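Let me begin by presenting the structure, written as structure tokens, before commenting on it.
All figures in this text were calculated on a predicted structure; none of them were measured in a lab.
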Amino acid sequence: MTQAQKIEPENDDLLDLFIIGGGVNGCGIARDAAGRGLEVALAEMGDLAQATSSASSKLFHGGLRYLEYGEVRLVREALEEREVLLQAMPHISFPMRFVLPLSKEMRFDADTPISKLLKYTMPWLKGQRPGWIIRVGLWMYDHLGKRKILPGTTGYNLAGRPEGAPLKDMFKHAFEYSDVWVNDARLVVLNAMDARDLGARIMTRAKVTSARREVDHWVIEVEGQGNFRAKALVNAGGPWVADIVTGVIGINSSERIRLVRGSHIVVNRLYEHDKAYFLQGSDGRIIFFLPYQRDFTMIGTTEAPHEADPLVAEATFEEKRYLLDFANQYLKTPLTQADVVHSFAGVRPLYEDGASTATAATREYVLSLDENGPPLLNVFGGKITTYRKLAEAALDKLSGHFTMSHPWTKGAALPGGFTYGRDKEQATSLILQFPFLSFEAAERLVHLYGRNAAGIFEDVVGASDMGRDFGHGLTEAELRYLIREEFAREVEDVIWRRTKLGLRLTAAEIAAIDDWMRQNVPLLVEA
């Protein structure tokens, strides 16, 4: 269908806002807008968080290394958000301490403003990151944000400490600082659920095929859902944002994005304690070791240009090798390709600012408002830590076109949220209601669903009422809940985005879940 052809709306109601994209930015904007009284619809061509938003490093963090690039405003905003988000979603996020070992072999990225300054003022350093410079950066990291819960930076000798146990003996000293871990895919789903509960229409597996301006509104065609009318259109397409502008909407734009692939590998747990590591490389880059799903360690990330379809992004052999070699600069017991139990890659849509490398490209988000007719807001870039602030800024950009209430999401809990620090109480409460649960099972459910975990046990009296256990505690009752309440439609939605149990389930168990969902999704969705 060409832009010249008339699209007749089938959904006669005039929406305030139509959002393209079901990642963290799209769902965050939908939630905020619906909570301010706007009529909202969102269309996602696949599953929620199917691309970039489920392939992050799972961190609410300020971005310590961004200080080297002079991105102080971005770091400050992100640091201020960490504790706001932590308290809003303690079921899917928790504080994490990061160990930063010191080494004379580690270098600055040569392209950063700090490295260029030091090259001329202290040429004898030859690109090194001396401890005092790192300590200054960590002091800024501690004080730029409004930190109340998270402890500040400390330093210590690694000898005889558990933090030093997995590292080579050459690493004698380390700093330790705080950031926050988050279950990224669940963050997106919870925002979508809250948006729906506030009145938004959330459509998954619903591709927008065209959008065009009428005199005072947009007409949007959605595959399988019909046509919609809206006063304003938000393009939060992530890696597809530029394609949507030129292809779906049919507007020429000079604004571009840079697609950068970030790959991660997962190995069996590398050490006994529950802290993460921030590791500097001899090439100027950094990677993380992150405790993951109790029994694993996640290692990432790379930053490589990505040219192919973002949906088929995979960690290449070279990227896996790079991460292993980087890790082995630190580890006493080296890792090999055989140790990699899983890998994944996500494509970050960074705003094209002309930076010479993917590492140097800005992580700032850019909100571009086109008011040549009914408003179009294009969302470029962004990072998971600042998604809520981005949503507020997006609605501020559109405020001249709507009458809406004030910002409200700061301090507002996401579905299932409870008082910070009471996760064990929540697990105990669940066991008291359903005594057949083990504490481990109750804890798993609380850290996925929070207080909403009780919804899984609708009409459940005993363990037999949960239905078949497909493995690792994933029952028919939980699958029904995920389909009914959390937009899950296919096995991949469940095992990789809603529960992360794909790391543990066998091929036979996954096939059984797939068979069950194929039979039951049509029945439960129609109901």
Within a strict 4.5 Å, meaning less than it, do heavy atoms of the Phe228 and Met203 side chains meet?
yes
Regarding Glu80 and Arg82, does a basic nitrogen lie under 4.0 Å from an acidic carboxylate oxygen? no
Review point. Counting N and O atoms only, with roles assigned by atom type, does the side chain of Ser399 sit under 3.5 Å from a partner on the main chain of Asp396, one being a donor and the other an acceptor?
Key: yes
- Task: Could you please spell out the steps behind the salt bridge (charged side-chain N to carboxylate O under 4.0 Å, His left out) verdict for Arg201 and Asp13?
- Result: CA-CA 12 Å; Arg201 179 170 178 178; Asp13 292 340; over 6 Å; no
To the nearest 0.5 Å, atom CG of Asp423 lies from atom NE2 of His91 at 11.5 Å
Item to check | Pairing of Arg196 and Glu485 as salt bridge, 4.0 angstrom limit | outcome: yes
>> Could you check whether any side-chain N or O of Trp218 sits under 3.5 Å from a backbone N or O of Ala211, counting only pairs where one atom can act as donor and the other as acceptor?
In response: no
Rounded to the nearest 0.5 angstrom, the CE-CD1 distance for Met298 and Ile287 is 11.5 Å
Could you check whether any side-chain heavy atom of Phe402 comes within less than 4.5 Å of a side-chain heavy atom of Pro375, counting everything from C-beta outward?
no
For this session: Output, in order, the C-alpha distance, side-chain angles, deciding distance and verdict of side chain to side chain contact (heavy atoms under 4.5 Å, CB included) for Met89 and Phe60.
Result: CA-CA 12 Å; Met89 54 194 84; Phe60 285 147; 3.8 Å; yes
Nearest heavy-atom approach of Leu14 to Ala230 is CD1-N, 3.8 Å
**Message:** Check this for me: does any side-chain nitrogen of one of Glu81 and Arg388 sit under 4.0 Å from a carboxylate oxygen of the other?
**Reply:** yes
So CD of Gln225 and OG1 of Thr204: to nearest 0.5 Å the spacing works out to 8.5 Å
Other residues, nucleotides and ligands only: do more than 12 of their heavy atoms fall within 6.0 Å of NZ on Lys207?
no
Taking Glu83's backbone N and O only, do any of them form a donor-acceptor pair with Lys146's side chain (distance below 3.5 Å, no angle check)? no
(Q) Between Thr302 (side chain only) and Ser263 (backbone N and O only), is there a donor and an acceptor less than 3.5 Å apart? (A) yes
Heavy-atom closest pair (Thr385 atom, Ala78 atom, distance to 0.1 Å) is CG2-O, 3.5 Å
Item to complete: Would you please classify the geometry between the Phe288 ring and the Phe278 ring as parallel, tilted or perpendicular, with 30° and 60° separating the classes?
Response: perpendicular
Between Ser57 and His264: side-chain donor-acceptor atoms closer than 3.5 Å: yes
The reported gap from OG1 in Thr386 to CD in Glu392 (rounded to nearest 0.5 angstrom) is 11.5 Å
Heavy atoms of Asn191 and Gly28 approach each other most closely as OD1-CA, 3.8 Å
Open item on the list: Keeping Glu214 on the side-chain end and Asp216 on the backbone end, is there a donor-acceptor pair under 3.5 Å?
Closed with: no
Margin query: Any non-hydrogen side-chain atom of Ile29 less than 4.5 Å from a side-chain atom of Leu390?
Written below: yes
Whether His217 side chain and Leu15 backbone form a donor-acceptor pair below 3.5 Å: no
- Cut-off 3.5 Å, side chains only: do Glu478 and Tyr449 have a donor facing an acceptor? yes
Do Glu490 and Met517 make a side-chain contact, defined as non-hydrogen atoms from C-beta onward lying under 4.5 Å apart? no
Between Ala488 and Val494, the two heavy atoms sitting closest are CB-CG2, 4.0 Å
inquiry  = Donor-acceptor check, side chain of Ser368 to backbone of Asn378, threshold 3.5 angstrom: yes or no?
reply    = no
Would you check if Glu39 and Asp16 make a side-chain contact, meaning some heavy-atom pair closer than 4.5 Å? yes
### Query
Between Val241 and Glu255, is any pair of side-chain heavy atoms under 4.5 Å apart?
no
>> Taking the basic N atoms (NZ, or NE/NH1/NH2) and the acidic carboxylate oxygens, is any pair closer than 4.0 Å for Arg294 and Glu443?
In response: no
Between Glu303 and Arg348, does at least one N-O distance fall below 4.0 Å, as a salt bridge requires?
yes
Discussion item. Checking Asp184 against Tyr387: is there a side-chain donor and acceptor pair closer than 3.5 Å?
Written reply: no
Requested in this report: Without swapping roles, check the side chain of Glu77 against the backbone of Lys389 for a donor-acceptor pair under 3.5 Å.
Outcome: no
### Message
Within the 4.5 Å heavy-atom criterion, are Leu501 and Arg444 side-chain neighbours or not?
### Response
yes
CZ (Phe344) and OG1 (Thr301) are apart, to the nearest 0.5 Å, by 7.5 Å
side-chain contact (heavy atoms from CB on, under 4.5 Å) test vs Trp240 passes for just one of Ile20, Val347, Asp309, namely Asp309
message: For Val525 and Arg489: C-alpha separation, side-chain torsions, deciding distance, then whether side chain to side chain contact (heavy atoms under 4.5 Å, CB included) applies.
response: CA-CA 9 Å; Val525 171; Arg489 296 293 180 265; 3.5 Å; yes
Nearest heavy-atom approach of Phe18 to Ala43 is CZ-CB, 3.8 Å
Report task. Assess whether side chain to side chain contact (heavy atoms under 4.5 Å, CB included) is satisfied between Val180 and Leu85, documenting all intermediate values. Result -> CA-CA 9 Å; Val180 176; Leu85 300 173; over 6 Å; no
Ignoring hydrogens and angles, tell me if any N or O in the side chain of Arg498 forms a donor-acceptor pair with the backbone of Leu482 under 3.5 Å. no
*Got a salt bridge between Glu221 and Arg212, using NZ or NE/NH1/NH2 to carboxylate O under 4.0 Å?*
no
Heavy-atom nearest pair, Ala192 first then Ile202, reads O-CG1, 3.8 Å
>> Looking only at side-chain N and O atoms, does Asn25 offer a donor or acceptor that is under 3.5 Å from a partner on Tyr365?
In response: no
**Q.** Residues Asp459 and Arg480 bridged, charged N to O under 4.0 Å
**A.** no
Parallel, tilted or perpendicular, as decided by the 30° and 60° cut-offs, for the rings of Phe380 and Tyr351: perpendicular
Pair Arg205 + Asp493: basic N to acidic O under 4.0 Å: yes
Value for CD1 (Ile483) from CD (Glu476), rounded to nearest 0.5 Å, stands at 10.0 Å
Point to revise | Residues Tyr420, Leu86; criterion side chain to side chain contact (heavy atoms under 4.5 Å, CB included); working and verdict | key: CA-CA 8 Å; Tyr420 172 75; Leu86 179 61; 3.6 Å; yes
Does any part of the side chain of Arg147, heavy atoms only, come nearer than 4.5 Å to the side chain of Leu79, both counted from C-beta? no
**Prompt:** Would a distance-only check, ignoring hydrogens and angles, find a side-chain to backbone donor-acceptor pair under 3.5 Å from Thr428 to Lys424?
**Reply:** yes
* To do: Can you label the angle between the Trp181 ring and the Phe94 ring as parallel, tilted or perpendicular, going by 30° and 60°?
  => parallel
